[in-house]
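What you see below is based on every heavy atom in this structure, not just the backbone, and it leaves out hydrogens, waters and symmetry mates. All ligand and atom numbering here is 1-based and tracks the order in the structure.
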Amino acid sequence: MGRHSIEEAIFVQPVDVSTFNTSLTSDKTATTTTLTKSATLPISNNVVTSMKRSAILKKSYTNGITTNHNIRFSLKAPETIITPPTTPPSSYFTNNKIQLSVECLVRARIPTSTGEVFLHVYRNNKDGKEHLAAVYGDEFRSKGLDASRSGESEMDRIVRGAYTGKLKPGQTRSNDSNISLVYSKQLPPPLVRIHSECFTGETLKSARCDCGEQLEEAMRLIQAEGRGVVIYLRQEGRGIGLADKLRAYNLQDLGHDTVTANILLNHPPDLRTYDIASLILADLGLTSIRLLTNNPDKIEQIENDGVKVVERIPMVPRAWKDKLDSNRIGHEMDQYLKVKVERMRHLLNIPESLLP
Ligand SMILES: Nc1nc2c(ncn2[C@@H]2O[C@H](COP(=O)(O)OP(=O)(O)OP(=O)(O)O)[C@@H](O)[C@H]2O)c(=O)[nH]1
């Protein structure tokens, strides 16, 4: 099947997500943490129709990822605004019912320039990717990792990181009997960053986006508080993958903005979901958090999953904190950030000098 046209994508209506019931389940003995989403009736005809349309759209997005890209785009003038379709929730594509689960495989101590963290690797039953949690402080532990498993040895527990304190050469016991899962009620909800992978921004230090500095700033702020978590989701390119993100960059070099470039590649502007992040938070015992973000979609999605966001801490780009250097006008990152505010609802004040 070929791609659907951009025009077809534009007419897809938003689906009514208010009909979803969501519940997070995790207990001390289970090694996996699950999230069940189910649609409840009645669903209006309109919603059903839009679900069908969304299913078609989803199919076309999937094709966009897997089919070859020897496709001729009929490029519209760069200044043409194309209305973004709404990202359909993933649960619509599995007979309205999925039970997503995550499992922490291992944790290990990593000394970094912003302090020591325990890096946790998670697997899940949705996408086969290794999503990560960098945990600062001793307070947050993976319930699944700590739970005892039948037939395991002390060394099994040590090797997967189910020990307390720090490892020392020659250590042979995991000291698991001392593991305390008590969450101190005195302390405020911790700082959390839910970050999406960006190879270009984080590793190459690309100036097309602010992803690299956001990750660094989040780690700095959490380290300064001494406790908190960075969840690192493998959702490169807002979920479209690195290859298509680079195709989008080529379209952006022709004058299209980041939203239109995605649509021209037959993707929604943002394909990401945060249900895996919600489950990782639950596994770490975090039900209430202070979230570092400008993205309202992120907050809405995890709150729908049952995570309480008691405070949003904005991530103001370094270059936008002070009066803008006039040399920066027209800078690629400024344009990228401006479009996120104007077309993706990001909660940031655009500097006056960048306004028309
Ligand atoms: N498709 C696409 N993805 C991009 C582009 N620039 C950065 N990204 C990806 O966008 C993701 C980061 O999204 P952002 O919108 O910067 O930030 P956010 O996570 O939505 O919001 P914040 O919490 O406020 O940082 C990463 O996965 C990047 O790889 C681009 O031009 N096109």
Side-chain angles (χ1 to χ4, degrees), residues 61 64-65 69 78 82 84-85 87 127 129 131-132 191-219 221-222 228-274 276-277 289-303 307 309 311-320 331-350:
Y61 295 151
I65 296 168
H69 287 269
I82 298 177
T87 310
D127 61 17
K129 292 183 180 166
H131 301 284
L132 309 172
L191 269 184
V192 170
R193 166 77 185 157
I194 299 175
H195 192 85
S196 301
E197 180 172 16
C198 179
F199 175 81
T200 47
E202 292 147 18
T203 308
L204 301 182
K205 309 290 176 206
S206 159
R208 280 185 186 261
C209 65
D210 59 337
C211 301
E213 70 166 72
Q214 281 189 322
L215 184 58
E216 279 170 21
E217 180 65 359
M219 287 164 61
L221 290 170
I222 294 174
V229 178
V230 176
I231 294 180
Y232 189 84
L233 299 175
R234 313 317 269 272
Q235 310 198 90
E236 174 61 73
R238 297 200 297 267
I240 68 175
L242 183 56
D244 265 356
K245 184 173 88 171
L246 297 188
R247 291 185 181 98
Y249 280 165
N250 287 332
L251 289 167
Q252 287 171 46
D253 283 345
L254 295 178
H256 297 280
D257 68 32
T258 182
V259 169
T260 302
N262 261 34
I263 296 169
L264 288 169
L265 290 168
N266 216 14
H267 294 299
D270 194 339
L271 199 49
R272 290 174 295 174
T273 58
Y274 299 96
I276 288 175
I289 61 170
R290 288 149 57 229
L291 190 64
L292 289 155
T293 188
N294 305 320
N295 184 349
D297 183 43
K298 204 177 277 184
I299 300 172
E300 286 159 15
Q301 285 200 39
I302 65 169
E303 289 212 312
V307 179
V309 179
E311 189 185 350
R312 178 185 77 85
I313 289 107
M315 302 237 65
V316 183
R318 230 172 270 144
W320 284 19
H331 191 285
E332 290 171 70
M333 193 188 296
D334 292 337
Q335 292 313 316
Y336 170 73
L337 293 166
K338 199 164 167 256
V339 171
K340 287 208 298 186
V341 176
E342 290 171 345
R343 301 193 68 191
M344 301 184 79
R345 302 194 295 143
H346 275 232
L347 305 164
L348 267 178
N349 291 327
I350 299 174

Does a side-chain N-to-carboxylate-O contact under 4.0 Å join Glu216 and Arg318? yes
Show which atoms of ligand 1 fall inside a sub-4.0 Å distance from at least one heavy-atom site of Lys298. 18 (P), 19 (O), 21 (O), 22 (P), 23 (O)
What I'd like to find out is whether the side chain of Asp253 reaches to under 4.5 Å of the side chain of Leu251, using heavy atoms alone. no
When every non-hydrogen atom of Leu215 is compared with those of Val230, the smallest separation belongs to CD1-CG1, 3.9 Å
Are any of the N or O atoms of Gly237 closer than 3.5 Å to those of ligand 1? yes
Has the side chain of Gln301 got a donor or acceptor atom that lies under 3.5 Å from a matching backbone atom of Tyr274? yes
Options Thr258, Leu292, Leu348, Val316, ranked by nearest heavy atom to atom 30 (C) of ligand 1, top entry: Thr258
Counting distance only, does the side-chain N/O of Glu303 pair as donor-acceptor with the main-chain N or O of Val309 below 3.5 Å? yes
Inter-residue atom distance Glu202.CD - Glu236.CD, 0.5 Å rounding: 7.5 Å
Which of the numbered atoms in ligand 1 are below 4.0 angstrom from a heavy atom of Gln214? 22 (P), 24 (O), 25 (O)
Heavy atom to atom 1 (N) of ligand 1, shortest distance: which of Leu337, Leu347, Asn262, Asp257 holds it? Asn262
Which one of Cys198, Ala218, Pro317 has a non-hydrogen atom at the shortest distance from atom 28 (C) of ligand 1? Cys198
Within the 4.0 Å heavy-atom shell around Ser196, which atoms of ligand 1 are there? 26 (C), 27 (O)
Nearest protein heavy atom to atom 20 (O) of ligand 1, by residue and atom, and its distance? Arg272 NH2, 2.6 Å
Closer than 4.0 angstrom: is that true for some heavy atom of Met315 and an atom of ligand 1? no
Under 4.0 Å from any heavy atom of Cys211, which atoms of ligand 1 are there? 12 (C), 16 (O), 28 (C)
With a heavy-atom distance limit of 4.0 Å, tell me whether Phe199 approaches ligand 1 through its side chain, its backbone, both, or neither. neither
Interatomic distance, Arg290 atom CZ to Leu191 atom CG [nearest 0.5 angstrom]: 4.0 Å
Tell me the protein heavy atom at minimum distance from atom 26 (C) of ligand 1, and give that distance in Å. Glu197 O, 3.3 Å
Considering only NZ, NE, NH1 and NH2 on the basic side and carboxylate oxygens on the acidic side, decide whether Glu197 and Lys129 come within less than 4.0 Å. no
Give the residue and atom name of whichever protein heavy atom lies nearest to atom 14 (P) of ligand 1, and the separation in Å to one decimal. Lys340 NZ, 3.2 Å
Pick whichever of Arg238, Gln252, His267 has a heavy atom sitting closest to atom 31 (O) of ligand 1. Gln252
Give the contacting part of Ile240 toward ligand 1: side chain, backbone, both or neither, where contact means a heavy-atom distance below 4.0 Å. side chain
Side-chain donor-acceptor pair under 3.5 Å between Tyr249 and Arg247, yes or no? no
Determine yes or no for a side-chain-to-main-chain donor-acceptor pair under 3.5 angstrom, with His331 supplying the side chain and Met333 the backbone. yes
Looking at Asn295, Thr293, Leu291, Leu292, which one forms a side-chain contact (heavy atoms from CB on, under 4.5 Å) with Arg312? Thr293
Between Arg272 and Ser196, is there a donor-acceptor pair closer than 3.5 Å when you use the side chain of the first and the backbone of the second? no
Heavy-atom contacts with Thr293 under 4.0 Å: which atoms of ligand 1 show up? List them by number with element. 22 (P), 23 (O), 24 (O)
Who's closest to atom 24 (O) of ligand 1 heavy-atom-wise, of Asn294, Leu215, Leu242, Leu251? Asn294
If we set the cut-off at 4.0 Å for heavy atoms, which region of Met344 has an atom near ligand 1: side chain, backbone, both, or neither? neither
Tyr274 versus ligand 1: do any nitrogen or oxygen atoms come within less than 3.5 Å of each other? no
Among protein heavy atoms, which lies nearest atom 7 (C) of ligand 1, and at what distance? Tyr336 OH, 3.1 Å
Below 4.0 Å from any atom of ligand 1, is there a heavy atom belonging to His346? yes
For Asn349, I'd like to know if atom CG has over 12 heavy atoms of other residues, nucleotides or ligands within 6.0 Å. no
